[in-house]
Amino acid sequence: MQNKYPQKPGIDFILKQAFFYWNKTLIFQLMFSIMYFGIFLTVFFIFAGKYGIWEQNQELIAAMKQGTEAYMEKLVEISANENTQKMSLAIMLTTTFLYPLNLGFFQIFRKIDLNEKLELGDLLVGYNGLNFFRYIGYYVFWFFIFRFTVPTVFLAVIWVCVTLFVAPLMFFMDKRIFEAISLNFKALKVYFIEIFVCVLVAFFFKYLGFVLFLIGGLFTFPFWNAMIYSLYKSIFSEKN
């Protein structure tokens, strides 16, 4: 693997390329969102009822009416509740199981490059064989570090950027997690502005559909993968 030196890809080119892949796969974007939210919301409602999350939410609302101090005390109390922790675990396990769905888009985008026929089954390529355990193992590792960096916001953004290409490097080049992070870090040092700007665009566009068009979010939610692939393709070379 080598980076494409000395020429650096233009941000406008990377963005146009990402939107091209996204626009060419709208039906797959929709199917991804239907599967993702269908499974996620089903699990959420089942366990929310089982662990009394709705009742806890009502308690929070009542505490909020009493003032900020009462609200914070109730929030701490609920956070330490065993049922709340079980609910958090259920959500984490669900998102972990759903993560390999993202890998399907890398297969789909590569097929577009090769002018090959796209199939709905391509979305499920991340669940094939032992690779499934590699990807969920990576996601668990990524999630635990991300969880600790979220309160700082800044560190969370850095962690996202440092691991942005780990999944495609694992998928296309069969790299191990820490080797992929090392390559990702090297790319980040050289292409920081390009990566940072594209990450911001991807983040806002990802949720823009929900804010402006509600159901349109089903099409924009998976856009993140198109941006990652566009960046990966522009920065890395798979030639040894």
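In this chain, numbering begins with 1 at the start of the sequence shown.
A distance of 8.0 Å separates CG in L188 from CZ in F165, rounded to the nearest 0.5 Å.
By the 4.5 Å heavy-atom criterion applied to side chains, T96 and Y138 are not counted as neighbours. In this structure, F37 and L218 have side chains that are in contact, with non-hydrogen atoms separated by less than 4.5 Å. Using a 4.5 Å heavy-atom cutoff, the side chains of I53 and N83 are not in contact. With a 4.5 Å cut-off on side-chain heavy atoms, F171 and N131 do not count as touching. Using a 4.5 Å cut-off on side-chain heavy atoms (C-beta onward), F132 and L124 make no contact. Residues I108 and E119 fail the side-chain proximity criterion, which asks for heavy atoms closer than 4.5 Å.
In this structure, the side chain of N102 engages the main chain of Y99 through a donor-acceptor pair within 3.5 Å. Side chain of N184 to backbone of V162: a donor-acceptor contact under 3.5 angstrom is found. For the pair N23 (side chain) and F20 (backbone), a donor-acceptor distance under 3.5 Å is absent. Although no hydrogens or angles enter the test, the distance criterion places no donor-acceptor pair under 3.5 Å between the side chain of Q107 and the main chain of V125. One N or O on the side chain of T149 and one on the backbone of F146 form a donor-acceptor pair closer than 3.5 Å. When atom types are taken as modelled, the side chain of Y127 and the backbone of F97 share a donor-acceptor pair closer than 3.5 angstrom. S33 places a side-chain N or O within 3.5 Å of a backbone atom of Q29 that can act as its donor or acceptor partner. Checking side-chain atoms of S230 against main-chain N and O of A226 turns up no donor-acceptor pair under 3.5 Å. In this structure, the side chain of S182 does not engage the main chain of F178 through any donor-acceptor pair within 3.5 Å. Of the possible donor and acceptor atoms, none in the side chain of W159 sits under 3.5 Å from a partner among the backbone N and O of F148.
Using modelled atom types, one finds no donor on one side chain facing an acceptor on the other under 3.5 Å when comparing K186 with Y191.
Counted within 6.0 Å of CZ on F143, heavy atoms from surrounding residues, nucleotides or ligands total more than 12; the atom is thus considered enclosed. More than 12 heavy atoms of other residues, nucleotides or ligands sit less than 6.0 Å from atom CZ of F172. In K111, the NZ atom is crowded: over 12 heavy atoms of neighbouring residues, nucleotides or ligands sit closer than 6.0 Å. Counting heavy atoms of neighbouring residues, nucleotides and ligands inside a 6.0 Å radius, atom CZ of F196 does not exceed 12 of them.
In summary, D122 and K117 do not engage in a salt bridge, as defined by a charged side-chain N under 4.0 Å from a carboxylate O.
A distance below 6.0 Å separates the ring centres of Y36 and F221. The distance between the ring centers of Y139 and Y135 does not fall below 6.0 angstrom. Aromatic pair F32/F28: ring centres not closer than 6.0 Å. Between F106 and Y232, a ring centre-to-centre spacing not shorter than 6.0 Å is recorded.
Residue L103 comes nearest to G126 through the heavy atom pair CB-CA, 4.1 Å, listed as atom of the first residue, atom of the second, then distance. Scanning all heavy atoms of the two residues, the minimum distance from K24 to I112 falls at CB-CD1, 4.0 Å.
In this structure, Y21 and F109 have tilted ring planes: the angle between them lies in the 30° to 60° band. Relative ring orientation between F205 and F223 is described as perpendicular, the plane-to-plane angle rising above 60° on a 0-90° scale split at 30° and 60°.
None of I181, T163, I177 except one satisfies the side-chain contact (heavy atoms from CB on, under 4.5 Å) rule with W142; the exception is T163.
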